[in-house]
2 protein chains.
Amino acid sequence: MSIEDVASAASVSTATVSRVINNPDLVAKATAKRVQQVIVELDYRPNMLAKGLSTRKTGVLGIALPDIFGEFYSELLRGADSQARALGYHLLVSSEARIRNGDHAESALAFGLIDGLAVMITEPDGRLLPEAERSGTPLVLLDADPEGQKFDSVVVGNESGAREAVRHLLESVEPSQCCFVGGPRENFDTRHRAEAFRSALAERGHRASDEQLSFGTYTTEWGHKWASERIAAKSKRCCGVLAGNDEIAYGIMQACQDGGVSIPGALKLIGFDDSRLASLVRPRLSSVRVPAAEIGEAALRLLVARIKNPSNPRSHLTVQTKLVIRESSVGKGS
Amino acid sequence: MSIEDVASAASVSTATVSRVINNPDLVAKATAKRVQQVIVELDYRPNMLAKGLSTRKTGVLGIALPDIFGEFYSELLRGADSQARALGYHLLVSSEARIRNGDHAESALAFGLIDGLAVMITEPDGRLLPEAERSGTPLVLLDADPEGQKFDSVVVGNESGAREAVRHLLESVEPSQCCFVGGPRENFDTRHRAEAFRSALAERGHRASDEQLSFGTYTTEWGHKWASERIAAKSKRCCGVLAGNDEIAYGIMQACQDGGVSIPGALKLIGFDDSRLASLVRPRLSSVRVPAAEIGEAALRLLVARIKNPSNPRSHLTVQTKLVIRESSVGKGS
DNA sequence: CCCAAGCAGTAAATCGTTTTCATTGTGGTT
DNA sequence: AACCACAATGAAAACGATTTACTGCTTGGG
């Protein structure tokens, strides 16, 4: 089952067999045909390991995410998978844990096994980056701050969509009555979204008060809690909400239903992510679409571009978010 | 950066270095220590390809699914990933397309690259199975009919959960007024679930009429369509529904809300999959839980068991489904 | 003081490819 | 007829590990 068997069966040298497979032009047509035949007959498959060892290319790309759970990552992974196939690569998946503890031998780089790695870093203090740089492994960073980075990257353009969303809210709501209900304050995306919220209000000459921005977690519960409290404390008016993600939005929606606040009648609500949930819920949830699959695709494209041409200048890609208007945010003003 | 560099830096032979890494007991403590030091200093990593070529083990497991999209597959993949890590393996992911067209060189087996493969077959006519058998690659089949198969397998035990669900419905609904609203008739799971539905009714001495079972697709739309039609045609009573999955159930739920049929007042509804949706929706949806992650985990466990002991007898595992009762199915009878 | 045993360590074969370099033979030019 | 370019192939050296013999050196026992 090795190339040598094929060679002797076709009474040629291994070199010739190899050429028939990888570079058919270099061998006489007659020989090529004969060898081909033997290959089929014996059902021979080149051993990828040996091939990889020799060529220093394995045709495997790695992707490392904090988790592969939840719609966002799942979508991202799907994009990566389809793109990998399209580009003729295999995909090695890993959740970050293995990187973080990065315990030397177990590293996600799976040394020698992969031609390149797309990775979403959560702990900037890891040893992965320096290591990759040293070993020259092609790397692309997902959703990480590209400032001053020495690697290719693709990030989510939260600004555009968030801004769009706020502008849309402002069509029917006063700037002072808009709120942003985000996830964890220290989260990369949360910060960007909050910032976009602020600056969209600033465009209208309104300086957002601290009360207009709240931070919690990316869960239904947090949305529910926030909304319930607001409803209880009637003093603080709020007629337009941009939620940090759809889960939060959904929590708010439920609290409003329980509390007799009609959506979109009394409260305009916009989510973030445009998850499956958004179009299933009633009223259908307007939401800022984050094209997760595209991120995965773009990352892999960047990655193979770098592999094919290591001296390219760095690329930093931004996939744009976009408001999808449904029912929860439209209708007459407050 | 190769083992030879380490060897010469520590002034020993490559064999010794290799031993220090893989079998420290075979080398004198003093030498081992010295070599270790050099390894750390030089930050040496064994090349996995070379290692794999030599040992015929790569530490990579493959998993091939029809798609990696949707909550079920995403969960399954997550289970597989975590288990792979726990077992000390890497995970190579592929959607089936690459298998199907199985065009020789591109095969999902990635010859030599993986130590074993977990695969969900959709086309039984593929060349994958015979090929794996011939090449002796360890394989485990996911959710495929284990009858007469020559491989390990893990399947979903639809029966138990479906039966439980029907019994639960029968607590408040007459057997003749129960319906099953399934996905595609030819689907493996659909058939099993329908069968379980039938036999659970049979337990109560009721032979299900054709009208009690409907087949469509696993979509919200199909559920909505089915329910709308039933509501329009008042003649056909139906007070208890087991849906083929949560999507269908959700479609039914919406149609009922539109049509003024109260759930669970006038209609008891149970979904299948226990997806995230089920606990978000109001009324909360009772649903048969299918432990997708466990499938992935079990598959990988079976796989490495086989790798470690190729002559084991075949294992066929069934992960059991289980009814989760929430709001949509409880309350007084019709 | 000698021998067997045991331990440390080495040289070299091996895994299955690719690829360089050398070697043929063939036909075309002068 | 001599020469050259060129196409087709083969032999052998990488690639970077593991592993199997095998060689010296200690030791411990008698």
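Numbers restart at 1 for each chain; the letters A, B, ... are given by sequence-line order, proteins then strands.
Between A/Leu49 atom CG and C/dT17 atom P there is a gap of 10 Å when expressed in whole angstrom units. Atoms NZ (B/Lys51) and C1' (C/dT17) sit 21 Å apart, rounded to a whole Å. Atom CZ in B/Arg19 sits roughly 13 Å away from atom P in C/dC7 (whole-Å rounding). Distance A/Ile21 CD1 to C/dT17 P: 8 Å, rounded to the nearest Å. The separation between A/Asn47 atom CG and C/dT18 atom C1' is 13 Å, rounded to whole Å. Nucleotide C/dG16 holds its C1' atom 14 Å from the CD1 atom of A/Ile39, rounded to whole Å. Taking atom CG of residue B/Leu53 and atom P of nucleotide C/dG16, one finds them 7 Å apart after rounding to whole Å. The separation between A/Tyr44 atom OH and C/dG16 atom C1' is 7 Å, rounded to whole Å.
Around atom NZ of B/Lys308, no more than 12 heavy atoms belonging to other residues, nucleotides or ligands sit under 6.0 Å away.
Among the atoms of the strands shown, base atoms are found under 4.0 Å from some heavy atom of B/Thr16. Among the heavy atoms of the strands lying under 4.0 Å from B/Ser18 is at least one base atom, whether or not backbone atoms are also near. Contact annotation for A/Ala28: backbone-only contact, meaning every heavy-atom pair under 4.0 Å involves sugar-phosphate atoms and none involves a base.
Bounding nucleotides for the chain B contact on DNA chain D, 5' to 3', at a heavy-atom distance below 4.0 Å, are D/dG16 to D/dA21.
Comparing B/Ala50 and B/Ala15 along DNA chain C, the residue whose closest nucleotide (by nearest heavy atom) sits nearer the 5' end is B/Ala15. Looking at which nucleotide of DNA chain C each of B/Leu26 and A/Ser2 is closest to, the 5′-most match is held by B/Leu26.
Listed nucleotides: C/dT17, C/dT10, C/dT18. Nearest to the side chain of A/Asn22: C/dT18.
Counting distance only, with no hydrogens placed and no angle test, the side-chain atoms of A/Ser54 and the base atoms of C/dT17 include a donor-acceptor pair under 3.5 Å.
The pair B/Lys150-B/Glu133 meets the salt-bridge criterion, with a side-chain N (NZ, NE, NH1 or NH2) lying under 4.0 Å from an Asp/Glu carboxylate O.
Residues B/Leu141 and B/Val119 are in side-chain contact: their nearest non-hydrogen atoms beyond the backbone lie under 4.5 Å apart.
OP1 or OP2 of C/dG16 lies within a sub-4.0 Å distance of a side-chain N or O belonging to B/Arg56. Side-chain nitrogen and oxygen atoms of B/Thr14 include none within less than 4.0 Å of the OP1 or OP2 phosphate oxygen of C/dT10. When the side-chain nitrogen and oxygen atoms of B/Thr31 are compared with OP1 and OP2 of C/dA8, none of them lie within a distance under 4.0 Å.
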Using distance only, find each side-chain donor-acceptor pair of residues 32-40 of chain B under 3.5 Å and give its atom names and separation, not counting sequence neighbours.
{"unit_1": "B/Arg34", "atom_1": "NH1", "unit_2": "B/Ala10", "atom_2": "O", "d": "2.6"}

Could you walk me through whether B/Leu77 and A/Val93 pass side-chain contact (heavy atoms from CB on, under 4.5 Å), step by step?
CA-CA 10 Å; B/Leu77 204 54; A/Val93 173; 5.8 Å; no
Under the side-chain contact (heavy atoms from CB on, under 4.5 Å) rule, what do B/Leu49 and A/Leu113 come out as? Steps first, then yes or no, please.
CA-CA 6 Å; B/Leu49 286 184; A/Leu113 257 190; 3.9 Å; yes
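In the model, B/Tyr218 has a side-chain atom that pairs as donor or acceptor with a side-chain atom of B/Thr190 under 3.5 Å. Of the N and O atoms on the side chains of B/Ser95 and B/Asp67, not one donor lies less than 3.5 Å from an acceptor on the other residue.
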